[in-house]
**Student:** 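After the structure tokens below, expect a handful of questions from me.
Order of the sequence lines sets the chain letters (A, B, ...), proteins ahead of strands, with each chain counted from 1. Since this is a predicted model, take the numbers as computed values, not measurements.
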Protein chains: 2
Amino acid sequence: MINNSVLETEAENKIKEAARKIFHRRGFDGARMQEIADEAQINKAMLHYYFRSKDKLFEAVFKEAAMKLFPVVILIIESDLDVDEKIKKLIHNYIDFIIDNPYVPGFVLHELTQNPERMKHFVASNVLMRPQKFFSQIQEGIDSGKYIPIAPLQLMVTIVASCIFPFVAKPMLHTLFGLDQDDFGEFIEQRKEQMTQFILNGLYKK
Amino acid sequence: MINNSVLETEAENKIKEAARKIFHRRGFDGARMQEIADEAQINKAMLHYYFRSKDKLFEAVFKEAAMKLFPVVILIIESDLDVDEKIKKLIHNYIDFIIDNPYVPGFVLHELTQNPERMKHFVASNVLMRPQKFFSQIQEGIDSGKYIPIAPLQLMVTIVASCIFPFVAKPMLHTLFGLDQDDFGEFIEQRKEQMTQFILNGLYKK
DNA sequence: GTCTATATAGGGATAGAC
DNA sequence: GTCTATCCCTATATAGAC
């Protein structure tokens, strides 16, 4: 007789994996429990057996997405690297992460916008952003005349925006500039190095 | 006797204005016809009287949003200004526009992502982006050694991202950095000038 | 644990009186 | 044109047999 706990875990994972796909693709309102069940090749009733409700299932998925999205930035930001290396690593690693998880940024941003209260307490208590070191490094560079004067948070937001935005705006790039799937892949690949150079060049004083 | 056509127009406008608010705030799936009716202080049945269906009403709202969002960029891009002036104008005007229409970018991006086909043909036929002149200007600057080598589209996307992203990520800035409403307003105001300087500095070679 | 059948609610849409 | 009542479908959720 096979241990039931193993099967249980497998079923749960299969459901969560399916839910992840559908929620990421359609958002909370757009997702259907039936579609998740189909994706998991499982009966719809089983969703409610393992996870009581759509809300609970969503919460599990959202948490994982948020926990994946933020730490990429945080770990690098808090490291001992110098500014140039941090920016280079940040852009490369972040874009690579989104290539593997293309729906995560749009999903997190949208759900956070739609229902800020639902997950705010969770994000706040689990994701502690401590950018002090990075911000200090920037400020020192400004004070020493190496960097142009810029609020560290402005720089930070610009870096993250540069990585995330192209993925959120992918349909726009397709419609307005005719970038197909392959073009987009090339565009993103090119972006890693060009953005690193552009942002570092923007930071350093002439 | 009052002319009926006037009242008709007033009712239609009241509905569209209410629909705009709700759709922008909740997206297509999240919006409720009842909520739109309440917002318009009108009976729910009247929505269907004036606009046949939720889809039709949404389409009207989406068109207006998209038609407002893109031309801001396009007009400046296609103008005869030089690169520095274009970038400065682009950032200032675009951010000012979003201050007045804070939900538009997230709305357009999300709906375009959720259902790319629904509006693609419309956007494609109504919004013609002709960035050739701007792109040529950039390329000339690169060839003459004035600018660093960067694909014009990469620059373009970065500029738009810098303007739009902070608004989409507003809840994140609130949660992670504790920016309240006033802080956010200051942040955006500061951003107009600092991003202009940062991006121009990034473009010019040392 | 897994399925079928069904309860229940919500929301888009319409019928019909006025 | 405007309202009430209601149709009807869809989607979440549960009951209950196996």
**Student:** Considering only NZ, NE, NH1 and NH2 on the basic side and carboxylate oxygens on the acidic side, decide whether A:Lys56 and A:Glu59 come within less than 4.0 Å.
**Tutor:** no

**Student:** Rounded to the nearest angstrom, tell me the gap between atom NZ in A:Lys56 and atom P in D:dT12.
**Tutor:** 16 Å

**Student:** Within the 4.0 Å limit for protein heavy atoms, which parts of nucleotides 12-18 of chain C are touched? Write it as a string from 5' to 3', B for base, S for sugar-phosphate only, - for none.
**Tutor:** BBB----

**Student:** Got a sec, which residues hit salt bridge (charged side-chain N to carboxylate O under 4.0 Å, His left out) with B:Lys16, two or more places apart in sequence or on another chain?
**Tutor:** B:Glu64

**Student:** Could you identify which residues of residues 16-26 of chain A place a heavy atom less than 4.0 Å from some atom of DNA chain D, listed by residue number, or say none?
**Tutor:** none

**Student:** May I ask you to check whether B:Lys86 and B:Gln137 show a side-chain donor-acceptor distance below 3.5 Å?
**Tutor:** yes

**Student:** Name all residues meeting the ring-ring contact (aromatic ring centres under 6.0 Å, His included) criterion together with B:Phe167; count only those two or more places apart in sequence or in a different chain, and write none if there are none.
**Tutor:** B:Phe184

**Student:** Hey, is B:Arg32 close enough to B:Asp38 for a salt bridge, meaning N to O under 4.0 Å?
**Tutor:** no

**Student:** A:His24 pairs by ring pair (Phe, Tyr, Trp, His ring centres under 6.0 Å) with which of A:Phe58, A:Tyr103, A:Phe107?
**Tutor:** A:Phe107

**Student:** Send over the distance from A:Gln41 CD to C:dC3 C1', rounded to a whole Å.
**Tutor:** 16 Å

**Student:** What is the distance, to the nearest angstrom, from the CZ atom on B:Phe51 to the P atom on D:dT2?
**Tutor:** 13 Å

**Student:** Quick one: salt bridge (Lys or Arg N to Asp or Glu O under 4.0 Å) pairs with a partner in residues 149-167 of chain A, sequence neighbours left out?
**Tutor:** none

**Student:** Please report the distance, rounded to the nearest Å, between CG in A:Asn43 and P in C:dA5.
**Tutor:** 11 Å

**Student:** Can you list the residues that meet the ring-ring contact (aromatic ring centres under 6.0 Å, His included) rule with B:Tyr94, with sequence neighbours excluded?
**Tutor:** none

